[in-house]
Student: 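Dropping the structure in here first, questions after.
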Amino acid sequence: MSTTLLVVQVLNGLQLGILLFLIAAGLTLVFGVMDFVNLAHGVQYMLGAYLAVLFWRLTGSFAAAIPLTLLAAFAIGLFLELAIFRRLYARDHLDQVLATFGLILILNDGVKALFGSAPLSLPIPDALSGSVRIMDGLVYPFYRLVLIAAGLAVAAGLALLVSRTRAGMLVRAGASDAPMVSALGVDIGRLFSLVFALGAMLAAFAGAMAAPLLSVESGMGDNLLVLAFVVIVIGGIGSIRGAFIASLIVGLVDTLGRSFATDLLKLALSPSAANQAGPAIASMAIYILMAAILFVRPAGLFPLSRTA
Amino acid sequence: MTGPSRQSPSRAVAIAVPLLIFAALALLPLAAGFGPKSYILSLGARVMIFAIAAISLDLILGYGGMVSFGHAAFLGIGGYAAGMLIDGGRGDMLIALPVAMLASAIFAAATGYVSIRTKGVAFIMITLAFAQMIYFFANTLSAYGGSDGMTLYARSTLAGMPLLKGETAFYYVVLALLLAAFLACRSLVASPFGRALSAIRQNPARMAAMGYDVDRIRLVAYTLSGTLCGVAGFLLANQAEFVSPSYMAWQRSGELIAMVVLGGMGTLHGALLGAVAFLALEEILADLTPYWRLVFGPLLILVVLAGRGGLVGLLDRRRG
């Protein structure tokens, strides 16, 4: 287990963590403020990737495709909130699960019908391609570093937005006690729409930034959605800070587990047994972690104080 | 837990619907002789297997108010138990079925013990995460095909006899098990235990105050439900002669919930009807277009927006 490999895997883990945070941030806000289970959040990540490919094809420029994607994702988020989700806030969680599950089916098959079922790809823009030498014997793709930096910047911006602005204050107030905020004369419906659209935009940003690294295909958001759920359950539902820390934990544990579990087990087990058990344990690591955390703290690491 | 409410099932519908469905299912092999027989029989068996899974889910979803989003895990556990035992030459149903049930029960009891401590949304997500955990675990089982899954070289025998081999015989074995499962669940929900479970859905605090061990009743219900779903998994692997991690994909769990709600939850016969309707709809739509989910998705949203009750609710309203 060399230092170089460790550094590379830590960077990869950070990268997964950042992507997870961008998805989980919107999810946890929507949960916290509106008490709304949105399974369709994962397909908004997928939509971001598809939109980035679409706008890149139209404009030929990655730099233009990203802001266009964000705008379009924001608009789609607003539309979905007005057309469907708004009618579900007062319903119980089961109705929300089912309706948003229906939406997943529609969007997953919709992109197949529009773009074909073959995976699409988006080239890394020239300005961001190439590799950077981080230390002796370690070169790391520049684009991946950009992704980590962009994600951290968004996280910082979001933290400022939530903790320092009036809109952020209303969001936090709404998460603790929505009826009270509404009674104080705030148009809570409009606040919900904006939070929802912002969440959709963040997920789409994650999708668009990940598009050059992954194949863009139907269903690409489905498994990330479940990871994002794990993140917000560990972090505490509604907490941005919890989502950020839990994202990094999940990203690092998953990535490092997959690369080092087998080696670590070889210290205790025979090599063949370690080769068998390593991948199995690594694939379950984050879920076991989640179960352990919940066992000790059922409300997650950073539970919101609620007055409800 | 946000207890999903259920309408009180009209008595006539509660008797007529299952009676009609079971009569139709019993006669289907005779009618199948006039059409593509093996296709009809295998579709029929598949419908009944999913009906067992849907009934088991209704037990905790409709009666217990526990929105489990990881129920497909038990399909996979039952399926893998069948596959591994057949692979090891111990595939007789008298051994493999109890093992499949035991494995499902252990997984249900262990994950249920943690999950039941959480409430509401967290419960949905934890059951989902546990199912995802076992899904990824199955992907690493390289001795049993890993992510490609494993093909079963034979179906289970029944007391040494190759009873499950023929489509018609297999069909009737599944029908018998479905009937047994349905009747067992019916008497369970009517029992003091079932009444307590329903009451806990409606008012857990009150039941706790009355001295009921709320968490234990929930855990027992969750474990029974998982065990029954393991039976469905065992049958599904035998029917397809194949088992893979995709049995446990979380979309499958979503489909099971859709079946129960589509049919009308908290009635058992609603789950039965829902499984029939869901798979029939899938079969018809998939025949028309490869993008059948584009039709099914909006349908699901409309059913939810239109209100609770499902197909059984429609029948009830029509009568009264």
Side-chain angles (χ1 to χ4, degrees), chain A residues 31 35-37 39 83-84 87-88 91-110 112-114 117 219 222-223 225-234 236-237 275-288 290-292 294-295 298-300, chain B residues 1-5 61 65 67 69 110-111 113-115 117-126 128-143 146 249-251 254-255 257-258 261-262 265 289-305 307-308:
Chain A
F31 261 129
D35 193 27
F36 179 65
V37 192
L39 294 184
I84 301 176
R87 295 161 216 282
L88 294 167
R91 303 295 193 85
D92 61 33
H93 293 137
L94 179 61
D95 279 353
Q96 299 169 352
V97 163
L98 263 187
T100 53
F101 182 66
L103 198 61
I104 294 181
L105 298 181
I106 297 172
L107 290 174
N108 270 347
D109 258 23
K112 267 196 220 162
L114 285 176
S117 44
D222 291 5
N223 284 333
L225 171 78
V226 182
L227 282 185
F229 276 156
V230 172
V231 163
I232 67 174
V233 168
I234 290 180
I237 289 170
N275 283 334
Q276 285 281 322
I281 290 178
S283 69
M284 297 195 293
I286 50 169
Y287 302 105
I288 296 170
M290 179 196 72
L294 282 176
F295 198 77
Chain B
M1 205 101 330
T2 60
S5 62
L61 184 65
V67 184
F69 205 151
T111 59
Y113 185 73
V114 179
S115 311
R117 290 163 54 91
T118 64
K119 303 274 171 283
V121 179
F123 182 83
I124 300 178
M125 288 188 279
I126 283 161
L128 173 61
F130 278 128
Q132 205 67 0
M133 175 180 91
I134 193 93
Y135 168 83
F136 283 116
F137 175 71
N139 269 296
T140 64
L141 288 173
S142 49
W250 66 266
Q251 291 87 345
E255 288 172 9
I257 297 181
V261 176
L262 195 67
M265 59 178 192
T289 160
Y291 307 117
W292 65 275
R293 291 184 186 87
L294 275 180
V295 185
F296 188 77
L299 212 62
L300 200 55
I301 295 177
L302 283 180
V303 167
V304 172
L305 289 180
R308 194 62 59 66

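All chains are named by letter (A, B, ...) in the order of the sequence lines, taking the proteins before the strands, and each is independently numbered beginning at 1.
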Student: Ring pair (Phe, Tyr, Trp, His ring centres under 6.0 Å) with A/F36: which residues, sequence neighbours excluded?
Tutor: A/F85, A/Y89

Student: Begin from the C-alpha positions of B/W250 and A/N223 and carry the test side-chain contact (heavy atoms from CB on, under 4.5 Å) through to its verdict.
Tutor: CA-CA 9 Å; B/W250 66 266; A/N223 284 333; 3.9 Å; yes

Student: Does any heavy atom of chain B fall under 4.5 Å from the side chain of A/M284, the backbone, both, or neither of them?
Tutor: both

Student: Minimum heavy-atom separation for A/A113 and B/L294, please, with both atom names.
Tutor: CB-CD1, 4.1 Å

Student: Nearest heavy-atom pair of B/F296 and A/L105: which atoms, and what distance?
Tutor: CD2-CD1, 3.7 Å

Student: With rounding to the nearest 0.5 angstrom, report the CD1 to CE distance, A/I234 to B/M125.
Tutor: 11.5 Å

Student: Quick one: what part of B/I124 sits under 4.5 Å from any heavy atom of chain A, side chain, backbone, both or neither?
Tutor: side chain

Student: List the atom of B/V304, the atom of A/D95, and the distance in Å for their closest heavy-atom pair.
Tutor: CG1-O, 3.5 Å

Student: Are A/I106 and B/I301 close enough that some pair of their side-chain heavy atoms sits under 4.5 Å apart?
Tutor: yes

Student: How long is the span from the CG atom in A/L39 to the CG atom in B/L128, to the nearest 0.5 Å?
Tutor: 8.0 Å

Student: Check whether A/I232 gets within reach of chain B through its side chain, its backbone, both or neither, counting any heavy atom under 4.5 Å.
Tutor: side chain

Student: Work out which heavy atom in B/T140 is nearest to a heavy atom in A/S283; give both atom names and the distance.
Tutor: CG2-OG, 3.8 Å

Student: Could you tell me whether the side chain of A/F101 reaches within less than 4.5 Å of the side chain of B/I257, counting heavy atoms only?
Tutor: no

Student: Looking only at heavy atoms, what is the nearest atom pair of A/L98 and B/A258, with distance?
Tutor: CD2-CA, 3.7 Å

Student: Within this structure, what is the CG-CD distance for the pair A/N108 and B/Q251, rounded to the nearest 0.5 Å?
Tutor: 7.5 Å

Student: Examine whether an atom of B/S142 lies under 4.5 Å from a heavy atom of chain A, and if so say whether it belongs to the side chain, the backbone or both; otherwise answer neither.
Tutor: side chain

Student: Hey, is CZ on B/F137 packed in by over 12 heavy atoms from elsewhere, all under 6.0 Å?
Tutor: no

Student: For the residue pair B/L305 and A/L88, establish whether any side-chain heavy-atom pair is separated by less than 4.5 Å.
Tutor: yes

Student: Against chain B, work out which of A/A299, A/P279, A/G219 has the most heavy-atom pairs shorter than 4.5 Å and name it.
Tutor: A/P279

Student: How far apart are the C-alpha atoms of B/R293 and A/I104, what are their side-chain angles, what is the distance that settles it, and do they pass the side-chain contact (heavy atoms from CB on, under 4.5 Å) test?
Tutor: CA-CA 9 Å; B/R293 291 184 186 87; A/I104 294 181; over 6 Å; no

Student: So, do B/L61 and A/L94 sit near enough that their side-chain heavy atoms are less than 4.5 Å apart?
Tutor: yes

